[in-house]
Amino acid sequence: MLKSILKLSFTMIFLLLITGCIEPGSAVLEPKDFRIIEAKSKKALSYDEFVERILHFDLILLGEEHDSRLQHLAQEKLIVSLSQTTQIAVAFEMIASNLQTTIDTVQKNRDMIAPSEIRSKILWDKKWKWNDYEPVVRAAFYNAKIFGANLSQNEIATIFTGAEPIIGYVSTTQTVRNRIKEAIKMSHDLKSDDNIEPFVQAQQYKDRRMADILQHSLLPTILIAGNFHVDKTMGVPLHLIDFQSKKSVVAVGFLSIENETVFDEKNFDYFWIFSK
């Protein structure tokens with residue numbers, strides 16, 4: 001009898017571990033770590049109020065600063081919260097769309113895959129620090145359908161050797177391209193416009209691919225991407241407009257406190273401001 005009880009206990013613990021209910025050694029997001037602001041009214045919201053407001057959107061675009069552990073913990077928290085109310089998908093800038101078949105195959109057997117195996121199973125790109133992204137990828141892996149939403153390295157290389165300009169209406173104006181150019185210069189600390197056009201072109205092709213994945217998703221979908229990709233004045237939202245998408249969209253900027261004043265309501269609908 002004792003052996004049976006112990007065997008059952010170990011089985012239950014394993015299942016809890018792989019579904020993310022127990023997170024050995026992981027950090028925890030505390031209320032003191034962030035505050036949530038509605039951009040239009042400048043009103044502060046509680047976490048539960050925020051979830052209630054975004055719950056019914058078809059597409060929830062979560063911008064981020066890629067190296068923020070707290071922001072990834074917040075993404076993890078949101079994925080778990082939203083997945084408890086409905087079936088969702090999570091699209092990642094960090095995963096190329098040409099890996100979708102691999103990801104679909106792996107997720108079919110996810111109940112048999114331990115958290116330590118996810119990185120290798122989904123062929124995670126090593127340029128994105130796994131220690132930073134592991135919480136949010138794990139949450140998506142066990143609680144949602146994962147979409148790769150970015151270009152492959154071969155596609156990016158083709159753009160840099162001279163791809164045709166992307167065609168659009170609101171997404172490809174010179175004003176938008178200039179905004180992207182300035183964003184690239186700021187994020188990469190560039191002082192001049194020399195040789196920057198291929199980077200602008202690549203950024204627009206990435207945004208178009210992410211928008212395409214979101215437009216064709218049959219589930220409510222969260223996008224995890226850099227803030228400039230999610231920005232309503234230059235990123236994915238404009239490409240969705242060019243697609244004449246009927247889906248409801250909300251854009252959320254995740255910012256560390258020192259970058260709090262860089263954006264305003266024209267960029268995002270909500271802000272999460274983090275202590276670091």
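The structure presented is a predicted model; accordingly, all values stated were derived computationally and were not measured.
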_The test is side-chain contact (heavy atoms from CB on, under 4.5 Å); show your working for Val90 and Ile79 and say whether it passes._
CA-CA 8 Å; Val90 181; Ile79 289 170; 3.9 Å; yes
Exercise for review: Mind running side-chain contact (heavy atoms from CB on, under 4.5 Å) on Leu238 and Val236 for me, showing each step along the way?
Suggested key: CA-CA 5 Å; Leu238 296 180; Val236 172; over 6 Å; no
Verify side-chain hydrogen bond (donor to acceptor under 3.5 Å, both in side chains) between Glu38 and Ser41, making sure each step is shown before the conclusion. CA-CA 6 Å; Glu38 182 185 46; Ser41 68; 2.3 Å; yes
Verdict with supporting geometry, Arg53 and Tyr270, side-chain contact (heavy atoms from CB on, under 4.5 Å): CA-CA 10 Å; Arg53 293 197 183 195; Tyr270 296 92; 3.4 Å; yes
As a quick check of understanding, evaluate side-chain contact (heavy atoms from CB on, under 4.5 Å) for His66 and Glu93, giving each step before the final call. CA-CA 11 Å; His66 295 308; Glu93 174 196 352; 3.3 Å; yes
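Through chains of ILVMFWY side-chain contacts below 4.5 Å, Ile213 is grouped with Phe147.
Taking a cutoff of 4.0 Å between a charged side-chain nitrogen and a carboxylate oxygen, Glu76 and Arg138 qualify as a salt bridge. Under a 4.0 Å N-O distance rule, the pair Asp269/Lys232 qualifies as a salt bridge. Arg179 and Glu182 are not joined by a salt bridge, as no carboxylate oxygen comes within less than 4.0 angstrom of a charged side-chain nitrogen.
Between the side chains of Tyr47 and Ser81, at least one donor N or O sits under 3.5 Å from an acceptor N or O. Under the 3.5 Å distance criterion, with hydrogens and angles disregarded, a donor-acceptor pair is assigned to the side chains of Asn178 and Gln174. Residues Arg177 and Thr172 bring no donor and acceptor atom of their side chains to less than 3.5 Å of each other. Side chains of Thr233 and Asp231: a donor-acceptor N/O pair is present below 3.5 angstrom, by distance only. Tyr133 and Glu64 are linked by a side-chain donor-acceptor pair at a separation below 3.5 angstrom, with hydrogens and angles left out of the test.
If you run side-chain hydrogen bond (donor to acceptor under 3.5 Å, both in side chains) between Asp212 and each of Arg208, Gln215, Arg209, His216, only His216 comes through. Checked options Gln75, Glu65, His72; the residue passing with Phe254 is Gln75 (criterion: side-chain contact (heavy atoms from CB on, under 4.5 Å)).
The 12-atom threshold is not exceeded at OH of Tyr169, counting heavy atoms of other residues, nucleotides or ligands nearer than 6.0 Å. Counted within 6.0 Å of NZ on Lys145, heavy atoms from surrounding residues, nucleotides or ligands total more than 12; the atom is thus considered enclosed.
Aromatic ring pairs are classed by plane angle as parallel below 30°, tilted from 30° to 60° and perpendicular above 60°; the pair Phe34 and Trp272 is parallel.
Of the inter-residue distances, the one linking Leu73 atom CG with Glu134 atom CD reads 10.0 Å to the nearest 0.5 angstrom. Atom-to-atom distance recorded for Arg35:CZ and Ser275:OG is 10.5 Å, nearest 0.5 angstrom. Atoms CD1 and CZ, on Ile118 and Arg110 in that order, are 10.5 Å from each other to the nearest 0.5 Å. Going from atom CD1 of Ile37 over to atom CD1 of Ile273 covers 6.5 Å, rounded to the nearest 0.5 Å. Note that OG of Ser97 is 9.5 Å distant from CD1 of Ile103, once rounded to the nearest 0.5 Å. Atom OG of Ser217 is separated from atom CG of Leu59 by 7.5 Å, given to the nearest 0.5 angstrom.
Hydrophobic clustering (ILVMFWY, side-chain heavy atoms < 4.5 Å, transitive): Tyr142 and Leu219 are in distinct clusters.
With sequence neighbours left out, the side chain to side chain contact (heavy atoms under 4.5 Å, CB included) criterion links Gln84 to Val80.
Applying the salt bridge (Lys or Arg N to Asp or Glu O under 4.0 Å) test to residues at least two apart or on different chains, none of the pairs has a partner in residues 77-86.
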